[in-house]
Amino acid sequence: MQLIIFVVVAVIIIFVIAYRANSGQNVYKYISNQTTSIYERYAPYSFKEIREKVKELGQEYSKKQYTIQVVVFSVSSFVVSYLYFYNIMISILYSLLSILVIPYLTYLRCKRLYSEFIFEQIQVYTTNAIMEFATTQSFVKALEGIYESGVLEDPVKNDIKIMIDMAYENGTIDQSVSFMNDKYDYYIVKNMHQLFLQITNEGARNSGPALENMSLDIDMLVENVYSDRMDRANFHKKFLQFGIILYLMVMLVQFLLGVDTYIQMLDNPLVQLLLHGIIIINTYFLLSGEKYYNENVGAE
């Protein structure tokens, strides 16, 4: 209990100091700027790139949306924890801890959106590469056609330029193919490159049927990916609903035992420990589900 009081008092003191030190500045703006500064200093460089791309795609949350998220998380955790412990100080602590989860959820969401964007770019790359190669019968010319058409965005577009430069520098397409295969680990990319290598190195009088079959494979994969994405989104909603119900199971316990009896049981340290364990396990369950939903996007 003393630790909880100390944490709450520390937060209040920090807020007061921030307010007095920036009396001529909007406190919300000050806190927002400080948060951004910390993020820029400690966030991994790769994630900074990902988040910048998400912003370019117009899918980054606004400050208003983040504020709503903070309010919903803090209020919800306060209410739920109060139903568990009937203790305002404990509820305040859980309310503050819930806000700390938001950056992690933002990280997962940005990674998912970026992965989906990259897959769409790979779809465009492979589809156009097959069409260009069918016309030119040259892998490098096909890459140049894709690059100059402007159908791709960075970072894939920049990687295409690197492939072209490597092909002219080395006189072969082997290094270019290896570079792209290593960077984008999709079987459609590797299979398509393998087909181009065979046609280029071994020669083929009639590559049309092979290219057509490859194009059909890409179309089938894309159809399956988007179907899987819709199924996962529907399952995600049901998963969140189930997780919320798990938190509220304590209400059923109170209904069966009676609120007065339940409050008396809270005097037992083991009961309180058990309740903390239930909250922690439920939270871990939800975060693990969110991690799976956002990281395993089912690209292949």
Novice: Any side-chain heavy atom of V140 within less than 4.5 Å of one from I173?
Specialist: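 Sidechains of I173 and V140: in contact.
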Novice: Considering residues, nucleotides and ligands other than Y104, do more than 12 of their heavy atoms fall under 6.0 Å from its OH?
Specialist: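 Yes - once you tally the heavy atoms of other residues, nucleotides and ligands closer than 6.0 Å, there are more than 12.
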Novice: E295 side chain to Y292 main-chain N or O, any donor-acceptor pair under 3.5 Å?
Specialist: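 Here the side-chain-to-backbone pair does not exist.
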Novice: Does M214 reach the side chain of L211, with side-chain heavy atoms less than 4.5 Å apart?
Specialist: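 They are not in contact (no side-chain heavy atoms under 4.5 Å apart), so the answer is no.
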Novice: Please round to the nearest 0.5 Å and tell me the distance separating atom CD of Q69 and atom CD of Q65.
Specialist: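 Going from the CD atom of Q69 to the CD atom of Q65 covers 9.0 Å.
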Novice: First locate atom CG of N282, then atom CD1 of I244, and finally report the distance between them rounded to the nearest 0.5 Å.
Specialist: 11.5 Å
Novice: Is the backbone of L270 close enough, under 3.5 Å, to the side chain of N268 for a donor and an acceptor to pair up by distance?
Specialist: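 Present.
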Novice: Do K157 and I160 touch side chain to side chain, with heavy atoms closer than 4.5 Å?
Specialist: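 No; the side chains remain at least 4.5 Å from each other.
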Novice: Is it true that E120 and R229 make a salt bridge, defined as a side-chain N closer than 4.0 Å to a carboxylate O?
Specialist: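 Here E120 pairs with R229 in a salt bridge, since their nearest N and O are under 4.0 Å apart.
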Novice: Determine whether I245 and L287 fall in the same hydrophobic cluster, where Ile, Leu, Val, Met, Phe, Trp and Tyr are linked whenever their side-chain heavy atoms lie under 4.5 Å apart.
Specialist: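 Not linked; separate clusters.
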Novice: Over 60° means perpendicular and under 30° means parallel, so classify the ring planes of F117 and Y114, tilted if in between.
Specialist: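 The rings of Y114 and F117 sit tilted, inter-plane angle from 30° to 60°.
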Novice: Using a strict threshold of under 4.0 Å (side-chain N to carboxylate O), is an ion pair present between K53 and E49?
Specialist: no
Novice: Could you check if a side-chain atom of I130 sits within less than 4.5 angstrom of a side-chain atom of E212, using non-hydrogen atoms only?
Specialist: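 Side chain of I130 against side chain of E212, heavy atoms only: no contact under 4.5 Å found.
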Novice: Tell me, please, which residues at least two apart from F85 pass ring-ring contact (aromatic ring centres under 6.0 Å, His included).
Specialist: H276
Novice: As a quick check of understanding, evaluate side-chain contact (heavy atoms from CB on, under 4.5 Å) for I90 and Y84, giving each step before the final call.
Specialist: CA-CA 10 Å; I90 294 178; Y84 273 75; over 6 Å; no
Novice: Could you check whether any side-chain N or O of S227 sits under 3.5 Å from a backbone N or O of E223, counting only pairs where one atom can act as donor and the other as acceptor?
Specialist: no
Novice: Is I146 close to V124 at the side-chain level, that is, under 4.5 Å between some pair of heavy atoms?
Specialist: no
Novice: Counting distance only, does the side-chain N/O of N158 pair as donor-acceptor with the main-chain N or O of D154 below 3.5 Å?
Specialist: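 Not confirmed, N158 side chain does not pair with D154 backbone.
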Novice: Are the side chain of S288 and the backbone N or O of Y284 linked by a donor-acceptor pair below 3.5 Å?
Specialist: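 Judged by distance alone, yes, a pair lies under 3.5 Å.
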Novice: Is there a donor-acceptor pair under 3.5 Å between the side chain of S176 and the backbone N or O of T172?
Specialist: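 Judged by distance alone, no pair lies under 3.5 Å.
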Novice: Quick check for you: to the nearest 0.5 Å, what is the distance between Y293 atom OH and L240 atom CG?
Specialist: 9.0 Å
Novice: Please say yes or no: joined through hydrophobic side-chain contacts below 4.5 Å, possibly via intermediate residues, are V259 and Y262 part of one cluster?
Specialist: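 Yes.
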Novice: Find the distance between OG1 (T127) and CD (E132) and round it off to the nearest 0.5 Å.
Specialist: 12.0 Å
Novice: With sequence neighbours excluded, what pairs up with E60 under the salt bridge (charged side-chain N to carboxylate O under 4.0 Å, His left out) test?
Specialist: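 E60: salt bridge (charged side-chain N to carboxylate O under 4.0 Å, His left out) contacts with R51.
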Novice: Output side-chain donor-acceptor pairs under 3.5 Å for residues 75-83, partner residues at least two apart or in another chain, one line each.
Specialist:
from	atom 1	to	atom 2	distance (Å)
S76	OG	V72	O	2.7
S77	OG	F73	O	2.8
S77	OG	S74	O	2.9
S77	OG	S98	OG	3.0
S81	OG	S77	O	2.6
S81	OG	F78	O	3.1
S81	OG	S91	OG	3.3

Novice: Taking atom CG of N294 and atom NZ of K111, what is their separation to the nearest 0.5 Å?
Specialist: 9.5 Å
Novice: Does M166 reach the side chain of M163, with side-chain heavy atoms less than 4.5 Å apart?
Specialist: no
Novice: Give the intermediate values and the outcome of side-chain contact (heavy atoms from CB on, under 4.5 Å) for residues F139 and L197.
Specialist: CA-CA 9 Å; F139 183 60; L197 282 172; over 6 Å; no
Novice: Flag the pair F285 / F239 as yes when their ring centroid distance falls below 6.0 Å, and as no otherwise.
Specialist: yes
Novice: When you compare the side chain of I199 with that of F133, does any pair of heavy atoms fall below 4.5 Å?
Specialist: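 In short, these two side chains touch, coming nearer than 4.5 Å.
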Novice: Are the side chains of M192 and Y187 in contact, using a 4.5 Å heavy-atom criterion?
Specialist: no
Novice: Is there a donor-acceptor pair closer than 3.5 Å between any side-chain N or O of Q121 and the backbone N or O of E153?
Specialist: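 Indeed, once roles are kept as given, a pair shorter than 3.5 Å links the two residues.
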Novice: Answer yes if V151 and M131 sit in the same cluster of Ile, Leu, Val, Met, Phe, Trp and Tyr residues linked by side chain heavy atoms under 4.5 Å apart, and no otherwise.
Specialist: no
Novice: Tell me, with the steps shown, if K55 and I50 meet side-chain contact (heavy atoms from CB on, under 4.5 Å).
Specialist: CA-CA 9 Å; K55 289 180 180 179; I50 290 174; over 6 Å; no
Novice: Look at the side-chain heavy atoms of Ile, Leu, Val, Met, Phe, Trp and Tyr, link any pair under 4.5 Å apart, and say whether L286 and L96 land in one connected group.
Specialist: yes
Novice: Do N191 and D217 pass the side-chain contact (heavy atoms from CB on, under 4.5 Å) test, and can you show the C-alpha distance, the side-chain angles, and the key distance before you say yes or no?
Specialist: CA-CA 10 Å; N191 288 355; D217 287 343; over 6 Å; no
Novice: Name all residues meeting the ring-ring contact (aromatic ring centres under 6.0 Å, His included) criterion together with Y61; count only those two or more places apart in sequence or in a different chain, and write none if there are none.
Specialist: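 Here the qualifying residues are Y66.
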Novice: Write out all pairs satisfying salt bridge (Lys or Arg N to Asp or Glu O under 4.0 Å) with one or both partners inside residues 166-184, taking only residues at least two apart or from two chains.
Specialist: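 Salt bridge (Lys or Arg N to Asp or Glu O under 4.0 Å) check on residues 166-184 returns D159-K183.
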Novice: Hey, could you give me the CD/CG distance between Q241 and L246, rounded to the nearest 0.5 Å?
Specialist: 12.0 Å
Novice: Can you name the salt bridge (charged side-chain N to carboxylate O under 4.0 Å, His left out) partners of D231, sequence neighbours left out?
Specialist: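 Testing D231 for salt bridge (charged side-chain N to carboxylate O under 4.0 Å, His left out), a comparison that skips the adjacent residues, returns none.
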Novice: Ignoring hydrogens and angles, state whether a donor on the side chain of Q123 or T126 is under 3.5 Å from an acceptor on the partner side chain.
Specialist: no
Novice: Hey, is the main chain of M230 close enough, under 3.5 Å, to the side chain of N234 for a donor-acceptor pair?
Specialist: yes
